[in-house]
Amino acid sequence: MIIAKARAVDGPDKPFRVAEIKRRDLDSNDVLIEIKYAGICHSDIHTAHGEWGPVNYPLVPGHEIAGIVTDIGSNVKKHKVGDRVGVGCMVDSCGECENCRKGEEQYCLKGNIQTYASVDKYGEPTQGGYSTHIVVQEDFVLRIPDGIGLDAAAPLLCAGITTYSPLNHWKAGAGQKVAVVGMGGLGHMAVQLAHAMGADVTVLSQSLKKKEDGLQLGADHYYATSNPETFEKLAGTFDLIINTVSAKINLDAYLGLLSLDGTLVNVGAPAEPLSLSIINLIGHRRSFAGSMIGGIRETQEMLDFCAEHNIVPKIEVISADQIDKAYERVLASDVKYRFVIDISTM
Ligand SMILES: [Zn+2]
Ligand SMILES: [Zn+2]
């Protein structure tokens, strides 16, 4: 058994504390990773605060993990000691259902095993990346291309794939008009990815505060949604809108921005139900859709795509003692654009 140093929370309102967690001995297909960096995702905060249902505390969040392989099981074929690797939101799935066989393990019909706050096939609770080591079966370990630093790679494992997958699925590319709603951790990745895919990219943000960053990351246009004229001016414009905002939005206003056959995809998950007027869909054969992270094959494809196009998140590296403060700042939208924990400070 391996003992990892970690940061854990003991309840919805509790601060992070130093903890030691057990990682299982390597099974034949397992990889031991020494974690170097872990990103802070908004989902970590929702889960740590118990907002997405009951949690078995203590909890170690973190599903944007980048590190180095330090040991492998006897049967591991895909990774070797010294490899630069990453782990995202999932660490296992059934591997047999229709969706797993398609490489869409995130939609495993038996439920994928999440990196933290799940129970693994050994009956043990999973604990995430705010820790020095993790053991993961090799199929769920990604290769990080040489061109991407491990600190910048971490957020790609959730923020990167969450936005890449819908852009890829709905075929964002040359000749397409894509809008990105929200210019946060997810949004600033979506802008870069859609631009690299060749689409004409528009950011729809509450204000124009981050306009310069948006344009520099590859946006062609930038509008404030606080200005009602934006919705008049852009009516019927977009083939695809990626909504990264998890707060409640006026769906009808955004659906009105879609062209014929356009699709509005939610990747954020608002806590309350949203309503929309169906007439807004049928009048222009529009779709309203959702998308959740991406499969393992697609995640590798995304990492390779980012390396090829020099796409990296903008990050602020923090020490392990700054996690509570970082959570406050994420909730206040005061981050440009992703916090990454330097695990050497653990
Ligand atoms: Zn995440
Ligand atoms: Zn499955």
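Whatever order the structure lists ligands and atoms in, that order sets their numbers, starting from 1. By convention here, the first residue in the shown sequence is residue 1.
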| task | Enter the distance from His133:NE2 to Met346:CE here, rounded to the nearest 0.5 Å. | result | 11.5 Å

| message | So, of the N/O/S atoms that His63 has, which is the nearest one to the Zn ion (ligand 1)? | response | NE2

| message | Is it the case that the ring center of Phe16 lies less than 6.0 angstrom away from the ring center of Tyr130? | response | yes

| query | Rounded to 10°, how big is the angle at the Zn ion (ligand 2) from Cys100 SG to Cys97 SG? | reply | 100°

| Angle at the Zn ion (ligand 2) between SG of Cys94 and SG of Cys108, to 10°? | 110°

| task | Tell me whether the centres of the aromatic rings in Phe231 and Tyr254 are closer together than 6.0 Å. | result | yes

| said: Would you say the Zn ion (ligand 1) has Cys158 as a near neighbour, meaning an N/O/S atom of that residue under 2.8 Å away? | reply: yes

| task | Verify, without hydrogens or angle tests, whether Asp83 (side chain) and Val85 (backbone) share a donor-acceptor contact under 3.5 angstrom. | result | no

| message | My understanding is that only one of Asp92, Asp120, Asn29 makes a side-chain hydrogen bond (donor to acceptor under 3.5 Å, both in side chains) with Gln137; could you say which? | response | Asp92

| Any N/O/S atom, backbone or side chain, of His42 lying under 2.8 Å from the Zn ion (ligand 1)? | no

